[in-house]
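This one's a predicted model, so the numbers in the text were calculated from it and none came from an experiment. Each chain gets a letter, A, B and so on, in the order the sequences are listed, and its residues count up from 1.
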Amino acid sequence: MPELPEVQTVVNDLIDLGLCGRTIVKAKVHWPRCISGSEAESFCKSVQARRICKVSRRAKFIVLQMDCEQWLVIHLRMTGRFILKKTQKKISKHIHAEFFLDDQRRLQYHDTRKFGRFYLVKNPDEFFREYGPEPLEKGFTVDALVQIVNHRRRQLKPLLLDQKVIAGLGNIYVDEALWKAKLHPVQRAENLTLSQIRTLHRAIRAVLKKAIQNNGTTLGKGENNFSSATGGRGRNANHLNVFRRTGHQCLRCRCCIIKIIVAQRSTHICPSCQRLGQLS
DNA sequence: AAGAATGTTACATG
DNA sequence: ACATGTAACATTCT
């Protein structure tokens, strides 16, 4: 579910809903394995009576600063989701953690596939040390992408999916960015020309910005798919150019979009726009 | 009813 | 050291 734009949407919504400044009166964990690195009990004690000072995002993580030495860091993985509202008598079996706030609301963590994780971290800089640059920040220049791509024999798609190389991209937005840049996902990174790198740089940023503007991508209609803390669904699915458009026409050349497997992930390309040079 | 699904990672192999 | 492949995590949907 959540790549950078979806996580950013959740963070934006949590801020809009006034999570900053709230105190966690009590925490309950219904499925202990969603807590990483500590026992559920001690985790609950650690966040109890703590005020949430700041809500932000790094890579695909939600980062909550508290009024203590520890930060609460969450990764939604595939189906994690936050719900922030007042009531709730019966809770869904997919809600694995709950935070009771000082304004009668509850912040609930919902995750059907149970891959998401909570971390208590003392030092966020250290925690995020091995993650790559944020593609929407100023530091991510064309030159930064040149450095990333340089001397890497790897295929473009797995390289861009690697969070240690660049943070925040996932299956959807890598396919979208490569389509926009007219690059084939198995193209070797080291063979890109400077002009191709420039184009890819623009494409990555454009694709992510548009997705954030649209509040993220919600695939399908099931309640299983992405929705933000307000319950809102992203509008970006209508703006996708290749992802899950197998069999449809490419909007540039009308050629038929095909699905291939790259790095064990479904990968969507226009075989006409995204051709592979002889350098592979 | 088998297979795939927005993600990550540990482990194996070349 | 680097590139690639497999399995696992757990559940739902097609």
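- Across dA7(C) and dA4(B), the matching C1' atoms stand 16 Å from one another, rounded to whole Å.
- Here the C1' atom of nucleotide dC9(C) and the CG atom of L76(A) are 16 Å apart, to the nearest Å.
- Checked against the 6.0 Å centroid threshold, F140(A) and H201(A) count as a close aromatic pair.
- Separating the CG atom of D175(A) from the C1' atom of dG7(B) is a distance of 15 Å, rounded to the nearest angstrom.
- Nucleotide dA10(C) is matched to nothing when pairs are restricted to Watson-Crick or G-U wobble geometry with both distances under 3.5 angstrom.
- Shown are K28(A), R106(A), H110(A); of these, the side chain to side chain donor-acceptor pair (under 3.5 Å) with E98(A) is made only by R106(A).
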| query | V121(A) and V63(A): side chain to side chain contact (heavy atoms under 4.5 Å, CB included), yes or no, with the steps? | reply | CA-CA 10 Å; V121(A) 347; V63(A) 181; over 6 Å; no

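- In the set dT6(B), dT9(B), dT11(C), the nucleotide with an atom closest to the side chain of H94(A) is dT11(C).
- Here dA10(C) is the nucleotide among dA10(C), dT6(B), dA3(C) with the atom lying nearest to any side-chain atom of R33(A).
- Per the geometry, CZ belonging to R77(A) stands 6 Å off P belonging to dT9(B), to the nearest Å.
- A donor-acceptor contact closer than 3.5 angstrom links the side chains of D175(A) and H268(A).
- Regarding K114(A), its NZ atom lies at a distance of 17 Å from the C1' atom of dG7(B), rounded to whole Å.
- For R265(A), whose side chain is taken as the heavy atoms from C-beta onward, the closest listed nucleotide among dT4(C), dT6(B), dA10(C) is dT6(B).
- We find that CD1 of I95(A) is positioned 16 Å from C1' of dT11(C), with the value rounded to whole Å.
- Using a 5.5 Å limit on the distance between ring centres and a 30° limit on the angle between planes, the aromatic ring of F115(A) counts as stacked on the six-membered base ring of dG7(B).
- Nucleotide dA1(C) has no partner under the Watson-Crick or G-U criteria, as no pair reaches both atom distances under 3.5 Å.
- When each of dA4(B), dT6(C), dT4(C) is scored by its nearest atom to the side-chain atoms of Q264(A), the top-ranked nucleotide is dT6(C).
- Annotation: dG3(B) and dT6(C) have their P atoms spaced 15 Å apart (nearest Å).
- Distance, Q187(A) CD to dA3(C) C1': 16 Å, rounded to whole Å.
- One interatomic measurement links the two molecules: CG of L219(A) to C1' of dT12(C), which rounds to 14 Å at whole-angstrom precision.
- Counting non-hydrogen atoms of other residues, nucleotides and ligands closer than 6.0 Å to CZ of R202(A) gives a total of 12 or fewer.
- As rounded to whole Å, 15 Å separates atom P of dA3(C) from atom CG of L161(A).
- Remark on DNA chain B: of its neighbouring residues I261(A) and K60(A), the 5'-side contact belongs to I261(A), judged by nearest-heavy-atom nucleotide.
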